[in-house]
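A, B, ... follow the sequence lines: proteins, then strands. Residue 1 opens every chain. Keep in mind that this is a model prediction, so the values were computed, not measured.
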Amino acid sequence: DGGITQSPKYLFRKEGQNVTLSCEQNLNHDAMYWYRQDPGQGLRLIYYSQIVNDFQKGDIAEGYSVSREKKESFPLTVTSAQKNPTAFYLCASSIAGSDEKLFFGSGTQLSVL
Amino acid sequence: AQSVTQLGSHVSVSEGALVLLRCNYSSSVPPYLFWYVQYPNQGLQLLLKYTTGATLVKGINGFEAEFKKSETSFHLTKPSAHMSDAAEYFCAVTRGNTPLVFGKGTRLSVIA
């Protein structure tokens with residue numbers, strides 16, 4: 001079945017540690033996105049990529065980094081500079097053009113130890 | 001800049017009653033509008049979208065929404081609520097060349 005796979009489902013970060021969230025899609029989509037979800041805040045865009053080897057900052061990119069070396073993969077690193085990383089992180093993809101529907105993964109819950 | 005405002009962070013309805021979830025948008029150009037649903041600890045699924053054409057859009061699970069330009073609204077309705085409709089609902093907007101901007105969501109509870 002085609003879809004988006006996020007791993008791990010739960011992740012714990014220690015103080016000063018960088019952690020990487022995985023996002024893989026087999027839908028052959030060009031565009032991929034990372035959103036952060038906090039209770040009562042909706043989804044806020046962290047980074048997005050519309051083509052391999054290119055990505056743009058979203059509204060809350062500080063403390064995060066991404067790479068897009070392969071069409072299928074768009075990993076997100078939460079760095080130690082992100083002081084409030086506890087949130088639910090959602091990866092999504094779409095075919096070219098933002099009027100197309102987003103396909104979402106099932107999310108990663110990141111917590112701080 | 002585009003934005004959406006969802007009125008009411010929590011809506012509670014009785015089973016069989018009308019569901020009405022409100023969404024108002026702000027956009028300087030004709031918008032593309034979406035409603036997504038999220039069940040606990042899951043990603044979002046598309047319910048319906050408006051791009052151009054007919055202003056009344058029908059989606060999955062009996063939901064529909066009407067684009068009203070004069071009111072800058074895109075409210076989501078369902079004639080009769082089911083227990084399985086309990087979830088969080090998000091309205092979203094884009095101009096078509098930028099990523100979706102989501103509202104803060106409305107949690108729908110259905111009372112038996």
For this session: Name the member of B/Lys49, B/Gln45, B/Lys104 that forms the most heavy-atom pairs with chain A at distances under 4.5 Å.
Result: B/Lys104
For this session: Please determine, among B/Thr51, B/Val101, B/Leu33, B/Asn41, the option with the most heavy-atom pairs under 4.5 Å with chain A.
Result: B/Asn41
Among the clusters formed by ILVMFWY side chains lying less than 4.5 Å apart, do [X] and [Y] turn up in the same one?
X       : Y       : value
A/Leu76 : A/Ile60 : yes
B/Phe67 : B/Leu48 : yes
B/Tyr36 : A/Phe88 : yes

If you count every heavy atom of other residues, nucleotides or ligands that lies below 6.0 Å from [X] atom [atom1], does the total exceed 12?
X       : atom1 : value
A/Lys9  : NZ    : yes
A/Lys71 : NZ    : yes
A/Gln41 : CD    : yes
A/Ile51 : CD1   : no
A/Arg44 : CZ    : yes

For [X] versus [Y], what's the shortest heavy-atom pair and its separation?
X        : Y        : result
B/Pro99  : A/Tyr33  : CB-CE2, 3.9 Å
A/Gln37  : B/Gln38  : NE2-OE1, 2.8 Å
B/Phe102 : A/Leu102 : CZ-CD1, 4.3 Å
B/Phe90  : A/Gly42  : CE2-CA, 3.7 Å

Exercise. Quick one: what part of B/Ser9 sits under 4.5 Å from any heavy atom of chain A, side chain, backbone, both or neither?
Worked result: neither
For this session: Check each atom of B/Leu46 against the heavy atoms of chain A and say whether the ones under 4.5 Å are side chain, backbone, both or neither.
Result: side chain
Taking side chain as everything from C-beta outward and backbone as N, CA, C, O, which of these in [X] sits under 4.5 Å from a heavy atom of chain B? Side chain, backbone, both or neither.
X       : result
A/Leu45 : side chain
A/Tyr35 : side chain
A/Ile4  : neither

Exercise. Taking C-beta and beyond as the side chain, do B/Leu44 and A/Leu43 meet within less than 4.5 Å on heavy atoms?
Worked result: yes
